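Remember, it's a predicted structure, so these values are computed and weren't measured experimentally.
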4 protein chains.
Amino acid sequence: MGTFREEGEHWWHVHDLRVRYADTDRMDMVYHGTYAAYLEAARVEMLRDAGWVYAEMESDGILLPVVQLNMTYKRPGRYDAVLEVWSHVTAPPTSKLSLVCEVRSQGGELLVRGEVTLVFVDRATGKPRRAPQGFTEALNLHHLIR
Amino acid sequence: MGTFREEGEHWWHVHDLRVRYADTDRMDMVYHGTYAAYLEAARVEMLRDAGWVYAEMESDGILLPVVQLNMTYKRPGRYDAVLEVWSHVTAPPTSKLSLVCEVRSQGGELLVRGEVTLVFVDRATGKPRRAPQGFTEALNLHHLIR
Amino acid sequence: MGTFREEGEHWWHVHDLRVRYADTDRMDMVYHGTYAAYLEAARVEMLRDAGWVYAEMESDGILLPVVQLNMTYKRPGRYDAVLEVWSHVTAPPTSKLSLVCEVRSQGGELLVRGEVTLVFVDRATGKPRRAPQGFTEALNLHHLIR
Amino acid sequence: MGTFREEGEHWWHVHDLRVRYADTDRMDMVYHGTYAAYLEAARVEMLRDAGWVYAEMESDGILLPVVQLNMTYKRPGRYDAVLEVWSHVTAPPTSKLSLVCEVRSQGGELLVRGEVTLVFVDRATGKPRRAPQGFTEALNLHHLIR
């Protein structure tokens with residue numbers, strides 16, 4: 001669950017999450033690998049809020065594995081903080097789906113910037129396929145593609 | 001991979017593993033939930049060294065989920081330490097497999113004591129079933145049941 | 001964040017959380033070790049909703065590590081499900097804090113039952129100490145101890 | 001622990017690790033975020049085998065957090081497989097340390113390619129600093145920089 005927010009001329013989906021003890025490391029910050037799960041959780045909520053349930057798409061035989069993940073760490077995320085994950089899609093989905101995500105503190109500071117590319121895969125054949133019907137429309141309806 | 005070691009009148013399987021940064025938390029110790037993965041890794045190596053590959057059993061349609069896990073934390077595990085996970089089976093396997101595990105420092109200090117119970121499940125039916133043929137024999141051959 | 005709910009003659013704190021992809025394993029269920037983080041997240045929210053911020057207690061030099069964790073797995077938790085973690089305290093806190101937790105499906109099925117014992121530790125000395133002033137009162141105010 | 005191997009005109013450090021159940025997800029592959037921990041484990045072993053213990057550097061007040069992590073996923077990593085993580089450094093360390101890592105199957109297939117940049121930080125001041133004395137020499141001694 002999250003909200004759609006306009007910033008500048010653009011719309012983002014914003015998902016809030018609380019940093020758990022399990023997410024931290026001995027450097028007293030969120031372990032850098034943990035953000036992969038944060039971005040994924042936010043992405044799934046973005047789709048849900050746009051009317052698209054990722055779990056149902058998997059049940060329908062379409063997988064969406066990550067093929068590229070770039071993360072730039074600007075500031076540490078801290079235990080018990082509520083972080084905001086801002087996401088939008090960067091191009092009309094083809095067989096690929098590309099997003100930009102920003103993990104921000106509630107004060108608006110940028111902690112981590114992520115670029116994620118996923119590919120639609122037919123589970124039966126294991127081959128890439130186009131985004132399913134209605135997917136792009138759902139995202140467009142909420143102005144999440146640019 | 002590990003070794004079989006006699007202690008007192010008994011035999012254990014001992015698996016060594018290195019504590020990773022990802023395993024720690026901000027209390028500068030191994031996160032308490034991480035030990036579930038350590039015990040599981042050691043258990044799988046115990047079976048492998050006894051001649052039983054867990055992954056192949058799954059391929060053959062037999063799953064072995066955990067149904068009970070008790071962990072007592074005595075001393076913290078530290079980053080970059082090599083920990084020894086000592087395991088043995090506590091009763092002849094039926095549809096259940098019960099183990100005791102001790103996570104020890106290389107100096108022999110007890111860090112965590114674990115008791116784990118798993119159940120053999122037929123993947124096709126989802127029902128419990130007896131331990132597969134040869135399983136108990138493999139463990140007995142290495143004196144791992146008592 | 002969560003809610004306080006009466007059930008039978010007792011009160012529980014109930015915290016909802018969504019199963020993430022990262023939480024699952026190849027058995028297509030929540031990895032059994034993941035529940036340690038779920039119980040911890042719920043416990044922290046229980047304290048927060050009772051007016052006690054765990055992170056602030058750590059800043060004040062009081063740690064609360066887990067010394068015993070028992071988990072019984074009844075039914076699998078599934079990807080994308082919203083799970084409810086029901087928690088209450090089982091005895092007046094001394095230097096120890098003991099809780100019972102139930103992870104339930106939204107349909108009310110019991111998935112996992114957990115018993116957790118933690119100990120208050122003075123960070124400066126590393127020694128156990130009594131629960132800090134006001135802690136027990138906060139829990140009592142919400143009828144969470146029994 | 002690992003080995004140094006020459007490939008083409010270059011040297012890599014190769015660290016083997018076994019995929020744990022906890023590392024997998026419901027897509028029956030290694031969860032994409034898990035590779036951050038794999039790369040980190042391999043990096044620490046590369047340094048150790050070059051004579052540089054990362055944990056001791058932290059004790060000496062020098063931290064080395066990740067500031068950039070790019071991962072490209074080519075093929076899935078599978079449960080129980082032994083994966084090889086091949087690493088080398090891509091430029092003489094300044095205040096930054098940049099590596100390329102390849103996660104390969106034992107058959108030599110490329111599964112994941114990673115590029116990691118870390119920065120040396122003085123714990124006392126929180127400021128970036130140069131690589132500590134002897135660090136670059138240790139890597140050079142094993143031909144790991146190019």
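- Residues B:Leu39 and B:Val116 form a side-chain contact, since some pair of their non-hydrogen atoms from C-beta on lies under 4.5 Å apart.
- Within the 4.5 Å cutoff, side-chain heavy atoms of B:Pro132 are placed close to those of B:Phe120.
- At a threshold of 4.5 Å between non-hydrogen side-chain atoms, the residues C:Phe4 and C:Val14 do not count as touching.
- Using a 4.5 Å cut-off between heavy atoms, C:Met27 contacts chain B through its side chain alone, with no backbone atom that close.
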Between these two chains, chain B and chain C, I want each donor-acceptor atom pair under 3.5 angstrom written on its own line with its distance.
from, atom 1, to, atom 2, distance (Å)
B:Arg26, NH1, C:Glu58, OE1, 2.3
B:Tyr31, OH, C:Glu40, OE1, 2.7
B:Glu40, OE1, C:Tyr31, OH, 2.8
B:Glu58, OE1, C:Arg26, NH1, 2.3
B:Val67, O, C:Tyr73, N, 2.9
B:Gln68, OE1, C:Thr72, OG1, 2.6
B:Leu69, N, C:Met71, O, 2.9
B:Leu69, O, C:Met71, N, 2.7
B:Met71, N, C:Leu69, O, 2.7
B:Met71, O, C:Leu69, N, 2.8
B:Thr72, OG1, C:Gln68, OE1, 2.7
B:Tyr73, N, C:Val67, O, 2.9

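- C:Leu99 places a side-chain heavy atom less than 4.5 Å from the side chain of C:Leu118.
- Interatomic distance, C:Ile145 CD1 to C:Leu139 CG, rounded to the nearest 0.5 Å: 4.5 Å.
- Across all non-hydrogen atoms, the minimal contact from C:Val85 to C:Cys101 is CG1-CB, 4.4 Å.
- For a residue to count as touching a neighbouring chain, one of its non-hydrogen atoms must lie under 4.5 Å from one of that chain's; by this rule B:Leu64 touches chain C with the backbone only.
- In this structure the side chain of B:Leu83 reaches within 4.5 angstrom of the side chain of B:Val19, judged on heavy atoms.
- Among the candidates B:Leu69, B:Leu63, B:Val119, the residue making the largest number of heavy-atom pairs closer than 4.5 Å to chain C is B:Leu69.
- Taking chain C as the reference chain and counting heavy-atom pairs below 4.5 Å, the highest number among B:Pro76, B:Pro65, B:Gly33 is found for B:Pro65.
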